Amino acid sequence: MKKNMMRLVLCLCCLVWLPSSGIAKASEKQAEMAFLPFTINSAKDMSYLREGMREMLISRLSAEAGIAVVDKAKVDAALKASGGSLAADKVAEFTKKVGADYLMYGSVTALGGGMSFDAKVYSTAKNESETFYATATSEGEVMSAIDSLSWDVAAGVFGKKRPAKYAAVRADEPAASPYETAHPDRTYMKSGGNYGGASSKWIDGGQRFVKASNVDLALEAMAVGDVDGDGILDVVMADRQYVTAYHLNNNRLNEFAKTKLPARYKIHAVNVADLNNNGKSEIYVSAADTSTPGSWGLEWNGTELTTLFAQARFYIRPLMVPGFGTILAGQRSGKNAKAIGGPLYSLIQDGDKLVVDEVLPLPETLVIFNFAIGDLDGDSDWEIVVLDEFSKLRVMEPGGKMLWKSQEYYGATKRFVGGENLLNRPTSRDFDELTDGKGEQFLKIWVPSRIIIKDMDQDGIDDVILNKNASTLTTVVREVQTFPYGTAMGLKWNGLGLEEIWQTKRIDGYVVDYELESQHHKTEDGEDRLYVGVVTQGGVMNMLSGDTSTLLIYPFKAKTEEDSK
């Protein structure tokens, strides 16, 4: 019933907004705009909105901006001739093919009961696309969100005066209607574990999470930090080959820097840290071909990202190590042509190269991406939290003795290093890659999700934050897995093992990476934010080929039992 009512409302609104007052004089040449159906990113069927969005935007922009609309049948026929989808690099060619001055395209993303509308308008005159964004916290706000979006386009592209009731939000003001949904579920520690005399506390998140605007990339890794040194956190996202830095303004991701790695390398991890103490966070990019690491260090120079070092033969990440502080850690390719192996090193920069400073006192069984270090039980001795090759969580002593292993699966991703080397592949038809080939160089080594260790509830005991992606298959058959949804969660040591103490609601899409604000920025009054990078779940009616990614922001605040009374 609710869906049928929504369809009816969309139809009535399209009729009400038939173009009238915005029709240009006959003597004036109207700008012609073509409209593609919007891509729908949603776990539930919202196909009714795909065509409804196009109809509403056509009627509104005809009236508000006085444009002429390219016949939909002509646009649809051209889209069909292009194979039913349109790659980003074909937008200019497609716009000219249908005889338009402008092309509007975009997506609708539904998460947690809210919706975001991400639109782009390509201009043939400027040969570039301009991005627009609107949000609705519920289906009841869809109409006002589309009104706002259409006036953004009319004002931004065509210079039309916006009515006062559709006034734009200034960049220095908080967004009037951020895309927010119910806050993550919270489960509290049943064990009441009070270690080291600390009072019992829990994570008291805000009532909502916020969704940022979508970006057109297949997210491989992300990080947050003050890249440009202005005191405000920036967001860094990477796909297979590009690293892009964004300002986050009013929940909009606005690109301000971008760099491309050589085609032979694939990015599998991105981190930021101000290790040279100059007030700006460097970007550390770990990348590799099928057998050799080739990592980059990047830094903002005021106008662009410059290279600190390139193609370093280490897998790299900033790492907190007791007794060393936060250093740049590295690991080389393993022996016998394995992708990763051997000791972990503290690295320093010598000119434009990375060199070994010291060998770190860590077990050589560790892979640089699969562990983090913290004090889980408050005894001032540190433990190592590890995600093993089977996506099981382990807790180890510094010497390598295992203290606990999970039954649940955590941290599974699609990222890997290494890969099949056809020159070394056995020719036997009886060869079983899953058993006989274990440890061979052509097998992938999977890069798990980030493990964050932080005393979130300020009780003197470190908590563990990581994710759980729901897989369509077992964790063994990684090559053909998909991750339709996931969650982020916090765990705490209860004396015997790690216990889940909070968990976000289900996030429809592939949870790729996440970062805590307080890891890179001083927070006020214990407030913190968890930034979660997600590849959205597209529907079967995607008009634009390629993946879409977004950012979810969860607020947290430490709270004592006394505070809740």
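From a predicted model like this one, the values you see are computed outputs, not experimental measurements.
Residues L387 and S449 come closest through the heavy atom pair CD1-O, 3.9 Å. Nearest heavy-atom pair, A221 versus L219, reported as atom, atom and distance to 0.1 Å: O-CD1, 3.2 Å. Considering every non-hydrogen atom in both A287 and S295, the closest pair reads N-OG, 3.5 Å. Of all heavy-atom pairs between V98 and V70, the closest is O-CG1, 3.7 Å. Across all their heavy atoms, F38 and V108 have their closest contact at CD2-CG2, 4.1 Å. Here the closest heavy-atom approach between residue V75 and residue A34 is recorded as CG2-CB, 3.8 Å.
Using modelled atom types, no side-chain atom of T536 and backbone atom of S549 make a donor-acceptor pair closer than 3.5 Å. Although no hydrogens or angles enter the test, the distance criterion places no donor-acceptor pair under 3.5 Å between the side chain of D463 and the main chain of G490. Within the 3.5 Å criterion, the main-chain N or O of G66 finds a donor-acceptor partner in the side chain of Q30. Checking side-chain atoms of Y510 against main-chain N and O of K414 turns up a donor-acceptor pair under 3.5 Å. The closest donor-acceptor contact from the side chain of R415 to the backbone of P448 lies under 3.5 Å. Side chain of Q241 to main chain of L261: a donor-acceptor pair is present (N/O by atom type, distance under 3.5 Å, no hydrogens or angles). The backbone N or O of I40 lies less than 3.5 Å from no partner atom in the side chain of S107, so there is not a single donor-acceptor pair. Between the H521 side chain and the L516 main chain, no donor and acceptor come within less than 3.5 Å of each other. Between the side chain of S150 and the backbone N or O of D147, at least one donor-acceptor pair lies under 3.5 Å. Counting only distance, with no hydrogens or angles, the side chain of S213 and the backbone of L253 share a donor-acceptor pair below 3.5 Å.
Note on E55 versus R60: no salt bridge recorded, every NZ/NE/NH1/NH2 to OD/OE distance being 4.0 Å or above. One finds a salt bridge joining R506 and D508 here, because a Lys/Arg side-chain nitrogen approaches an Asp/Glu carboxylate oxygen to under 4.0 Å. Using a 4.0 Å cut-off between charged nitrogen and carboxylate oxygen, K161 and E64 do not count as a salt-bridge pair. Ionic pairing of D118 and R252 is not present here: no N-O contact between side-chain nitrogen and carboxylate oxygen is shorter than 4.0 angstrom.
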Any chance you could lay out the side chain to side chain contact (heavy atoms under 4.5 Å, CB included) test for K392 and Y409, step after step, and finish with the verdict? CA-CA 5 Å; K392 295 295 184 74; Y409 296 101; 3.4 Å; yes

When you look at W151 and K160, which way does the side chain to side chain contact (heavy atoms under 4.5 Å, CB included) test go after all the steps? CA-CA 8 Å; W151 273 114; K160 301 298 179 180; 4.3 Å; yes

Kindly determine whether I283 and L305 satisfy side chain to side chain contact (heavy atoms under 4.5 Å, CB included), including the steps that lead there. CA-CA 9 Å; I283 302 173; L305 290 174; 4.0 Å; yes

Evaluate the side chain to side chain contact (heavy atoms under 4.5 Å, CB included) criterion for residues V512 and V534: first the C-alpha distance (whole Å), next the side-chain angles of each, then the deciding distance (0.1 Å), finally the verdict. CA-CA 6 Å; V512 179; V534 180; over 6 Å; no

Go through it in stages, so that I can follow the logic: the residues are Y410 and E500, the test is side chain to side chain donor-acceptor pair (under 3.5 Å), and I'd like the CA-CA distance, side-chain angles, deciding distance and then a yes or no. CA-CA 12 Å; Y410 298 95; E500 294 179 14; 2.9 Å; yes

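For the residue pair S518/D528, the side-chain donor-acceptor check at 3.5 Å is satisfied. Side-chain contact check for S123 and E130: no donor-acceptor pair (N or O, by modelled atom type) lies under 3.5 Å. Side chain to side chain, E389 and W446 fail the donor-acceptor criterion of an N or O pair below 3.5 Å. Residues S129 and Y105 have side chains that bring a donor and an acceptor to within less than 3.5 angstrom of each other. In this model, no donor atom of one side chain and acceptor atom of the other lie less than 3.5 Å apart for D226 and S281. In this structure, a donor-acceptor pair under 3.5 Å is present between the side chains of N271 and R450. Between the side chains of N469 and Y485, no donor-acceptor pair is found at a separation under 3.5 Å. No donor-acceptor contact under 3.5 angstrom links the side chains of K211 and T109, judged on distance only.
Within 6.0 Å of atom CZ in R54, more than 12 heavy atoms from other residues, nucleotides or ligands are found, so the atom counts as buried in its surroundings. Residue K97 qualifies as enclosed at atom NZ: its count of foreign heavy atoms under 6.0 Å is above 12.
Taking CG of L491 as the reference point, atom CD of Q503 lies at 9.5 Å (rounded to 0.5 Å). A distance of 11.5 Å separates NZ of K468 from OG of S391, quoted to the nearest 0.5 Å. Of the inter-residue distances, the one linking L552 atom CG with Y531 atom OH reads 12.5 Å to the nearest 0.5 angstrom. In this structure, the separation between NE2 on H268 and CZ on F369 is 3.5 Å, given to the nearest 0.5 Å. The distance from the NZ atom of K120 to the CG atom of N214 is 9.5 Å, given to the nearest 0.5 Å. If you take CE on M104 and OG1 on T95, they are separated by 12.5 Å, rounding to the nearest 0.5 Å.
Two residues are said to be in side-chain contact when any heavy atoms from C-beta on lie closer than 4.5 Å; Y514 and I452 meet this criterion. Here the side chains of V227 and V236 are in contact, with some heavy-atom distance below 4.5 Å. Here the side chains of M33 and D101 are not in contact, with every heavy-atom distance at 4.5 Å or above. The shortest side-chain heavy-atom distance between L103 and V91 falls under the 4.5 Å cut-off. At least one side-chain heavy atom of D234 sits less than 4.5 Å from a side-chain heavy atom of H247. At least one side-chain heavy atom of T259 sits less than 4.5 Å from a side-chain heavy atom of L298. Counting heavy atoms from C-beta outward, M53 and I146 have side chains that approach closer than 4.5 Å. Under the 4.5 Å side-chain criterion, counting only non-hydrogen atoms from C-beta, E51 is in contact with K72.
Ring geometry, Y265 versus W296: the interplanar angle exceeds 60°, so the pair is classed perpendicular (tilted spans 30 to 60°). Between W502 and F556, the ring planes are tilted. Angles from 30° to 60° get that label. Using the six-membered ring where Trp is involved, Y554 and F209 have ring planes that are tilted, between 30° and 60° apart.
K126 forms no cation-pi arrangement with Y102, by the criterion of a distance under 6.0 Å to the ring centre and an angle within 45° of the ring axis.
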